[in-house]
Structures are given as structure tokens and as C-alpha cells.
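Remember, it's a predicted structure, so these values are computed and weren't measured experimentally.
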Amino acid sequence: MRAYGPAGVPENLREDAEEVARETMRRVSANLDVLVDHLSSANYAFAHPDTVRRTPTTDDLEAIAKAETVIGPLPIAVRACLAIVGSVDLCGDGGSLLPHVRYHTPPRRSCHVGPDPLVLGSGQMLWNELRSTAGDLSLGCACTDPEEDEPCSFHASGFAFSIAPDRAAKENFSGGDQYVHLPTANPDPPLGGVWVAEPVSLVEYLRLSLAWAGFPGYSIRPAHVPLPPFLERLGSKLLEF
């Protein structure tokens, strides 16, 4: 699917591609439930305990549909992620369990590791960001004015959907975002703002994240920094995808 790139998946293969994406995201969703359950049982201190894990709601699905009326069909992988996985936020303070994961305490300068805990936004977040960028969509725009020859700047340039904060922001420092540029026909578009491996697509980033039990920054940790045993044990419990 990824090989089709910006040209998009041929229409005669789209149904199959969408089912592949849905099955991929069903496995991602199941893995996230396992991660959150085990982290909770181990008394991991989530930075935002009320929003750690939320599966998609009816409001999320309606928000996705509304967004697509404005920007067109979402990339196959992005839509499946929003509609099946929902949101997750693994930011927190790891204590002795995950000593490098620090949201409320400063990192140790001697061996700083940016674990990049996995965060994913929701369908409602997409719609809210879209409205913030494009303004009051109920009023239309230059694109809907028959006297205008050029598209408005929003529809001409698209916008960056900030699907998550970047690694610095996940450590409670001033940072940026991990984002997907929309619209695009690319079924699995590049995810910008990722420090661990760039360029990387959304699915590739999810695969990398779950290979490291939700903390992909450990994939580029200094050689002298050991992987916490908890993550080694947890990674073996996850489904491949």
C-alpha cells in the first residue's frame, strides 16, 4: 500500500486496502489496551490519567465524517487509526519502573534518553484543529464563491493535522507536534516531527512504537543505557502487525 505513495491506491484495490488498514489498527488497538493495563497495574504515573485511553465514540466518528466533507477522503491508514484505535496518551513519570520517562521531573543530564511515549489524537481533535485552521466552516470560503477564481489558502495548501505532541513536548518542555499533512491520497502518509526515525509513515511509527512497548525513543538510546526489564517483558505480550 505504501508503495503507491501520493498517487493513492487504485480504486479497484481500495476496498482490500481499507480492510488491511482496519485489521492493522485492530491489532494496534488491542496492543494499546494491553500496554495501558500493564502500565496501570505496575503503578506507572500517567501524566493525564483521565485521558490515557479512549476508544472512538459516536462523536469521533461523526467528526471524522464532517472533516472529510471539507478536506476530502482521509488517508486510509489515518482514517482507520482515528476510527478504530482512538486516542492514547502514555506520557508520565516512570519512577524506578521506567527511570527515563519523566514528565514532571527534570531528566538526568548524565544519560538523557527521550523515550517518546506514544500519543495519538482523536477524531474530534481532527475536527477541532480543522475548524481552528479554516475558521467558521459554516460560512463557506472563497472556494464556494463563484466570483473567486483562486482557491482559499486553506484549500490550496492544506493543513498539518497535529496527531500528537513531539518528543520534547511529551517531556513537558516547549516543543512542536507530530503531524500528517492533509489532504493527501497517500494511503500511509509520512509523519512529520518524529525524532526517532524520519521520514517515517504513520504505520511505520506505530510499528516502531509498539516494538518498544509504547516508548520508541528507546530505539535510539545511548549504548550504555540499558532497556528497562519491564519493557522487555511487556513487548513480548503484543501482537505483531
Side-chain angles (χ1 to χ4, degrees), residues 21-61 63-64 77-105 113-126 162-172 175 177-178 180 191 194-196 200 202-219 221 227-241:
R22 286 191 291 267
E23 177 58 25
T24 296
M25 296 306 170
R26 283 191 283 265
R27 294 186 177 211
V28 171
S29 183
N31 284 338
L32 291 179
D33 291 340
V34 170
L35 286 181
V36 170
D37 181 60
H38 279 76
L39 287 167
S40 298
S41 297
N43 296 317
Y44 176 78
F46 291 104
H48 310 289
D50 294 336
T51 56
V52 172
R53 180 79 178 103
R54 290 182 174 178
T55 53
T57 65
T58 299
D59 288 342
D60 285 316
L61 299 180
I64 294 168
V78 174
R79 193 183 205 289
C81 185
L82 293 173
I84 294 174
V85 177
S87 63
V88 67
D89 187 341
L90 299 186
C91 293
D93 298 290
S96 60
L97 185 74
L98 298 171
H100 310 101
V101 184
R102 294 162 176 257
Y103 191 83
H104 293 106
T105 56
V113 176
D116 190 27
L118 182 61
V119 176
L120 292 172
S122 66
Q124 291 184 73
M125 182 182 293
L126 168 64
S162 300
I163 200 167
D166 70 4
R167 191 180 75 172
K170 291 174 184 178
E171 296 178 3
N172 206 18
D177 299 295
Q178 294 174 344
V180 174
L191 185 63
V194 177
W195 296 8
V196 293
V200 63
L202 174 62
V203 172
E204 288 173 326
Y205 179 69
L206 293 175
R207 188 171 288 130
L208 177 66
S209 295
L210 292 170
W212 294 90
F215 298 87
Y218 277 108
S219 66
R221 71 190 188 280
L227 182 68
F230 178 78
L231 290 190
E232 288 192 274
R233 294 193 299 270
L234 191 51
S236 66
K237 300 178 184 296
L238 304 180
L239 297 171
E240 294 184 359
F241 63 94

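- For Arg207, the side chain to side chain contact (heavy atoms under 4.5 Å, CB included) criterion is met by Arg2, Val203, Phe241, not counting sequence neighbours.
- Residues Pro115 and Leu98 fail the side-chain proximity criterion, which asks for heavy atoms closer than 4.5 Å.
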**Message:** Go through it in stages, so that I can follow the logic: the residues are Gln124 and Arg54, the test is side-chain contact (heavy atoms from CB on, under 4.5 Å), and I'd like the CA-CA distance, side-chain angles, deciding distance and then a yes or no.
**Reply:** CA-CA 12 Å; Gln124 291 184 73; Arg54 290 182 174 178; over 6 Å; no
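- Under the rule for a ring-ring contact (aromatic ring centres under 6.0 Å, His included), Phe215 has no partner lying at least two apart in sequence or in another chain.
- Asp37 pairs by the side chain to side chain contact (heavy atoms under 4.5 Å, CB included) definition with Ser41, not counting sequence neighbours.
- Annotation for Leu97 and Ala42: closest pair CD2-CB, 3.7 Å, computed over non-hydrogen atoms.
- Going from atom CZ of Arg221 over to atom CG of Leu227 covers 5.0 Å, rounded to the nearest 0.5 Å.
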**Request:** Decide side-chain contact (heavy atoms from CB on, under 4.5 Å) for Val28 and Leu239; before the verdict, give the C-alpha distance in whole Å, the side-chain angles of both, and the deciding distance to 0.1 Å.
**Result:** CA-CA 8 Å; Val28 171; Leu239 297 171; over 6 Å; no
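- Looking at heavy atoms from C-beta onward, Val119 lies out of side-chain contact with Gln178 at the 4.5 angstrom threshold.
- For the side-chain hydrogen bond (donor to acceptor under 3.5 Å, both in side chains) condition, the pairs that include at least one residue of residues 79-91, sequence neighbours left out, are Glu68-Arg79.
- With sequence neighbours left out, Glu23 forms a side chain to side chain contact (heavy atoms under 4.5 Å, CB included) with Glu19, Arg26, Arg27.
- Taking CE of Met25 as the reference point, atom CG of Leu82 lies at 9.0 Å (rounded to 0.5 Å).
- Gly175 approaches Ala168 most closely through the heavy-atom pair CA-CB, 4.1 Å.
- Residues meeting the ring-ring contact (aromatic ring centres under 6.0 Å, His included) test with Phe46, sequence neighbours left out: Tyr44.
- Between Arg233 and Ser236, the shortest heavy-atom contact is O-OG, 2.7 Å.
- Annotation for Leu61 and Pro56: closest pair CD2-CB, 4.5 Å, computed over non-hydrogen atoms.
- With sequence neighbours left out, the side chain to side chain contact (heavy atoms under 4.5 Å, CB included) criterion links His38 to Val34, Phe230, Leu234, Lys237.
- For Ser29, the side chain to side chain donor-acceptor pair (under 3.5 Å) partners are Arg53, not counting sequence neighbours.
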**Request:** Take Leu118 and Leu32, measure what side-chain contact (heavy atoms from CB on, under 4.5 Å) needs, and give me the verdict at the end.
**Result:** CA-CA 9 Å; Leu118 182 61; Leu32 291 179; 3.6 Å; yes
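- Contact detail for Lys170 and Tyr103: the closest heavy-atom pair is O-CD1, 3.2 Å.
- Across every non-hydrogen atom of Ala63 and Gly123, the tightest pair is CB-O, 3.5 Å.
- Partner of Asp116 under the side chain to side chain donor-acceptor pair (under 3.5 Å) criterion, chosen from Tyr218, Trp212, Tyr205: Tyr205.
- Not counting sequence neighbours, the partners of Thr57 by the side chain to side chain donor-acceptor pair (under 3.5 Å) test are Asp60.
- Side-chain contact between Leu120 and Leu206 is present, with at least one heavy-atom pair separated by less than 4.5 Å.
- With sequence neighbours excluded, the residues that form a side chain to side chain donor-acceptor pair (under 3.5 Å) with Asp93 are His104.
- For the side chain to side chain contact (heavy atoms under 4.5 Å, CB included) with Pro216, the qualifying choice from Leu208, Val194, Leu210 is Leu208, the only one to do so.
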